[in-house]
Amino acid sequence: MEKFLSLVPVENFEKKYARDISADRYFGFPVEPILRAEEKLLSAAERSVAYFSMEYGLSTNTYNVFSSSQPPSPKNLSTHHNVFSNLRAIDYYISLKTNHRLDLPIYSGGLGVLAGDTLKSAADRGVSLAAIGILWNKGYFKQNFWFKDGQIPEENDWDPYSYPGLVPLKTRIEIPLRKETIYLRLWKYFVYNFEKTHVIPLILLDSNIEENHGFTKTLTNQLYRSDNADWKILQRILLGIGGMKALEKLGYKINTYHLNEGHAALAYVEKAKKTPTAEINSLKEHFAYTCHTPVAAGHDRFQKKVVQEILHDEEFTILKKFGQDPDNPELINLTQHAMNASAHINAVAKKHGEVTRAQFPEHRDRILSITNGVHTHTWVSEAVATVLDKYKNEIGEWRKNPTLLRNALALKDNASFRGEIWNAHQENKERLCLFLKNWKMDPQVFTIAWARRIAGYKRPSLLLQDVTRLLDIAKRIGPIQILFAGKAHPQDDLGFTYVNEMLSTIDSLENARDLLRVMMLENYDTYFGKLLSSSVDVWLNNPLPPFEASGTSGMKAILNGVLQLSTLDGWVVEAAEKNIGWIFGWEHHGEAAGDERNLRLREDSSLLYEMLEKVVMLYYQTNSKGNLNPDSDWVTKMIHAISEGGYFNTDRMVGEYQKNIWGI
Ligand SMILES: *Cc1c(COP(=O)(O)O)cnc(C)c1O
């Protein structure tokens, strides 16, 4: 126990945590891997990586769930969700009841979920890695569909002190700024691998402590809150400078500092300050940067005037040197800074690499494309996993090596495999329909979902552009069920407008209930992400090309044999020829990104309906009221989809990071 507490100095251990942490158990998991991982990070002989990210989505409620001797705090449970459907009478009286543990509320969407999946795969591969993030005391935000009046955001009032697996440390660090010193407490969470033999420590920074005064305490309240101008730059200072100081304080010997998005770019400033002049030129070799943003407007920029008032001259000078905005002498640009200060740069899909190289011609030779993935163990459903396990002789140990999922393709003509994969899908879909039973969802009816962050370029309402055409397809070919979910950033007025527009279109379909059942679920999170992406028939992905750098939710879907109806963008470009579904819509060619505001809703929705008609037709030829046509092309596509899961996973992605960036 002493050894554990010397490596992980838990605050208030005796009073609060002694029941859940013993010499050999950590919230029900083995302690030994923690000791080993911590010792490796302290050793200069190991090539260790530090991974910085503003957000992490870890699905702590569905994968590697920690247990606790204490009853869960009601604040850390997600208990009910409102629904907005075209069956208003039900929506008013009934909400969806779940009683699942809230996922650690320190993420907003795909960027965070990718960071979480990266840690899990790094753990699976036994990489010595420490992750740095922020403990968001009020989460991102909670979405309410109160009174069916659009989205009403609320603070997420969760309790980190009783969250299983998360512990506050006695360790404090300080960031001396021009006008004040900010104090941070460190927390730790441990991400275990599938076999529970290795862990990745996640260090979370927290400014909500006694040592700070009022405003400073609230800096780590809400992720991406932007209603105060200083908030944004201060949060980036906490992550970059604070993160680097935390690594130093913990004594970790790091070989590569990996910046997931430009938010953490100031880590370089802190490191450069302490590097002897003779070594400064090779410092870049130790920095890596993953760019997720395909549009120039998406990069973080700050007024020099503002930054200069916060940072000391020494820091500001380094920042100016690397982070000068190319178009405006008054601005600091964190993307520019991260690119200039990192020897290793990667985009998150092949297409995104092309667009990024065109945007940053001076760095083009260094920009790699490493396509994103998802963590197989987290996102594959039990029903599908059971079938894959049964065919282990043909597929191999896919749990240990997800690449082996490719072998599923060889079973394409195996009649029993085809039937069992369909049945596994049907089992998932029946569970979903049971969950939604008050809305009379039917497992024999074609079901399609769109679920992700509500952002303009993702075109959340494309499917609802022309409900007359949608109804016409349902009338002529067969009934359709549609599920929507997603949050709009509270300060994104356009996002609000989308939600309102969708809710009123759904309302207008009340009389069409027999043909079209449309539901929008409140508070999309990783729990719903898994439920939906593993259970519907078709996953709709309709971003405006080329603005979806990668996208990952479709990768969760293919792992479960859920087919893709998608525009040609992000990861889908690499899977377009793989027979995993259907491609439609406007295509982007060339390198210039174009105008994000020209959403092409009319043309692309028309092409969407055209394709949807074929999809629904094939569906009802495949499944006619529960009678399966096992030879259908639909089932072939499902097997192609699962087999592509062998490529679009974070195990392969982290392998590429190891080889091409981290040198391990
Ligand atoms: C996977 C996931 C995302 C990412 O979805 P995209 O399709 O890549 O936008 C966002 N939010 C949650 C909760 C997810 O699970």
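Predicted model, so just to flag it, every value in this text is computed and none were measured. Counting convention: from 1, in listed order, for ligands and their atoms alike.
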> Can you tell me if Arg452 and Ser553 form a side-chain donor-acceptor pair at under 3.5 Å?
Replying inline: yes
Side chain, backbone, both or neither: which part of [X] has a heavy atom under 4.0 Å from ligand 1?
| X | value |
| --- | --- |
| Thr552 | both |
| Trp450 | neither |
| Val374 | neither |
| Arg453 | neither |

Contacting atoms of ligand 1, where contact means under 4.0 angstrom from a heavy atom of [X]:
| X | answer |
| --- | --- |
| Gly109 | 10 (C), 11 (N) |
| Trp379 | 15 (O) |
| Asp525 | 13 (C) |
| Gly551 | 8 (O) |

>> Angle between ring planes, His81 versus His100, binned at 30° and 60°: parallel, tilted or perpendicular?
In response: parallel
> Tyr619 vs Phe446 aromatic rings, parallel, tilted or perpendicular, using cut-offs 30° and 60°?
Replying inline: perpendicular
Starting from [atom], what is the nearest protein heavy atom, named by residue and atom, and what distance separates them?
| atom | value |
| --- | --- |
| atom 9 (O) of ligand 1 | Lys458 NZ, 2.6 Å |
| atom 14 (C) of ligand 1 | Lys556 NZ, 2.9 Å |
| atom 11 (N) of ligand 1 | Tyr524 CE2, 3.5 Å |
| atom 4 (C) of ligand 1 | Gly110 CA, 3.4 Å |
| atom 6 (P) of ligand 1 | Ser553 OG, 3.6 Å |

Between [X] and [Y], is the ring centroid distance below 6.0 Å?
| X | Y | value |
| --- | --- | --- |
| Trp539 | Trp582 | no |
| Tyr224 | His263 | yes |
| Tyr51 | Tyr657 | no |
| Tyr289 | His258 | no |
| Tyr140 | Tyr107 | no |

> Does an N or O anywhere in Arg452 fall below 3.5 Å from an N or O of ligand 1?
Replying inline: yes
>> Testing the basics here: between Trp379 and Gly529, what is the closest heavy-atom pair and its distance to 0.1 Å?
In response: CZ3-C, 4.0 Å
